[in-house]
Amino acid sequence: MPREAALVAVVAGAGGLCLGIVLGDLWRASRIRRARPDSRNEGAEDGGAWDGAGDARGGALSARPPCERNDSHGEQLRADEPSAAQKSSPHDRRSPEVHARALPVAHLRRSASMRCPRTAEASSRRARHDALSRSGRSAHSLDSLTSPQAELAADNARRMMAHERADFRSAETIFFVLRQMTEPSAAQEVERVVTPHEKLKGAFRRVKDGLHVMHVLHDDCPPPSSRSADAAANPPFLAMARARAVPRELLSADGVRRCLEGAELWDFDVFALDKASNGHALVALAEHLLLPGCCAQLGLGAAELHAFLSAVEGAYRTDIAYHTATHAADVLHAACWLLRAGLVPALPGDDNALLHLSVVIAATVHDVAHPGVNGDFLQKTSDPLAILYNDRSVLENMHAAICFRLLSGDDAALLAPLAPAQRARVRAWVLSMILATDMKMHFPLLARLAEIEPWSAESELPDDIATFALGVLLHAADLSGPTKPQSVVRWSRRVSEEFFVQGEREAELGLKVTDGFERATAGALWTQRNAAFVNFIVAPLFEAIRSATPDARLDGVFEGIGGSVAQLDQADPAMGVE
């Protein structure tokens, strides 16, 4: 009996304690309700966790559907909500929102961890909004800053909008410069930052008027490429006929040798070499760079090199304006110049020869068989290449596939003398460099370049950083044409012509014409838009490279950038393609 009496006493004491706690909570809640001032603005401060529950959000707790909770805190929260009688009482002038905010502060704080998903998402959005406000960004950038590259693209757009030149500030110029270089998420951020309200209204009017028609392929409307729909299963570019070897006497002519003497300079005129070599600048320059030193050190045959280079040059198209074998020769020159300037640290022994060989191969093939339209066009038209490569770096994957198809041929087995490990290393380097020339990788590349530690000419870089540095090198070389004053106008006119031809094909197919690709409206603006491209894409890229590689000798590049912008400002917009 004494034991049972003790147990009863314990239970009774516990019950009394619980009852006391409940009554205390009710008493404190009533005190808070009485002390609450009749103000809608102060309640949000106490609540803190209600995602801005005030007039602006209209967020009365009582008006929200209850979350699905199984814990005791949720039950207590619902028990403390004001009743329907309280909400409708004519003697209480306070609104339902004030009743909702009159919950005990402890319950308000606890409720932050048990909101329903929509409420939690709204809170997260509000926190991001506050962070953007503190950083000086506009509120409509809320949903789009999802990556460092999107942020870089948006900052580029803001710099262009603040530039002293009116032609650089125009929305059309900003779209032309930045949209080609960005992934969809970053491009969306650029559009939100730049697009004025009037332009949006105009776009809606055009859609309403039916001027933008979704492109659908019909039997009488074949894809823009010459390939059939079966090409995705058996891509014909891997079975292309090899070009005949370039006659050696063309490469040993006096004019070719004189032109190659200027290859040590950054402002090298590749057009003069192309003329002197009768259209074989790529073969002439590549052999000049590899023979005899690199090939002799690695045991590579001169005949195999000549066959491979001739096959690559023959695979470039001659019916387009910009992405030709001449462009490849210009990129090859820039890549080897940047390598000598110390952008990538030298490696010991044969590894350095492998590095040099990889740079030459990647630069030589980086645009092989380019169709004269960009990857976005291939995706929009469901081209077999886009299907084959799943819309991921479509052109770059094709260039790489052709490269190693040509390297594996019996008549051009250039890498056969190398050990398997050496061939694997060359392949990895070449693939990474070619894929880095995808213009959509520009801002991701800049973002990573800003994060890694700077390196010097004597640094021993880890394999992943060395591979990344090689990608930076070829990407910079690919964009180097506008930095060479002797040829900047010709290159700018050629790339603009290729854009205009793509714009015409887009219009023929009923597609929305890419910004800046309309010949009628942008045909007279190509000089200023290419100058904007140099100022806001090319120059910042080389500035970032100089910060990452302080020892690299890049003075010639920056001198060339200044001279190129001056040449573009003086160019005649009415000139034709040369």
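On a predicted model such as this, the values are computed, not experimentally measured, just so you know.
A salt bridge links D376 with K440; the closest basic N to acidic carboxylate O contact falls under 4.0 Å.
Remark: P420 pairs with R423 by the side chain to side chain contact (heavy atoms under 4.5 Å, CB included) rule, at least two apart or across chains.
Aromatic pair H163/F536: centroids less than 6.0 angstrom apart.
Residue R257 qualifies as enclosed at atom CZ: its count of foreign heavy atoms under 6.0 Å is above 12.
Formation of a donor-acceptor pair under 3.5 Å by the N535 side chain with backbone atoms of A531 is found in this model.
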List, one per line, each side-chain donor-acceptor pair under 3.5 Å for residues 554-563, sequence neighbours excluded.
none

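Judged by the 6.0 Å and 45° rule, K484 forms no cation-pi pair with W491. Both tests pass for R448 against the ring of F468: distance under 6.0 Å to the centre and angle within 45° of the axis.
Note that CG of L431 and OG of S358 are 10.0 Å apart. Values are rounded to the nearest 0.5 Å.
Classified by interplanar angle (parallel below 30°, tilted 30° to 60°, perpendicular above 60°), the ring pair H333/W266 is tilted.
Side-chain N/O atoms of D478 and H327 include a donor and acceptor closer than 3.5 Å. With hydrogens and angles left out, the side-chain atoms of W337 and S480 include no donor and acceptor closer than 3.5 Å. Side-chain contact check for E506 and Q502: at least one donor-acceptor pair (N or O, by modelled atom type) lies under 3.5 Å.
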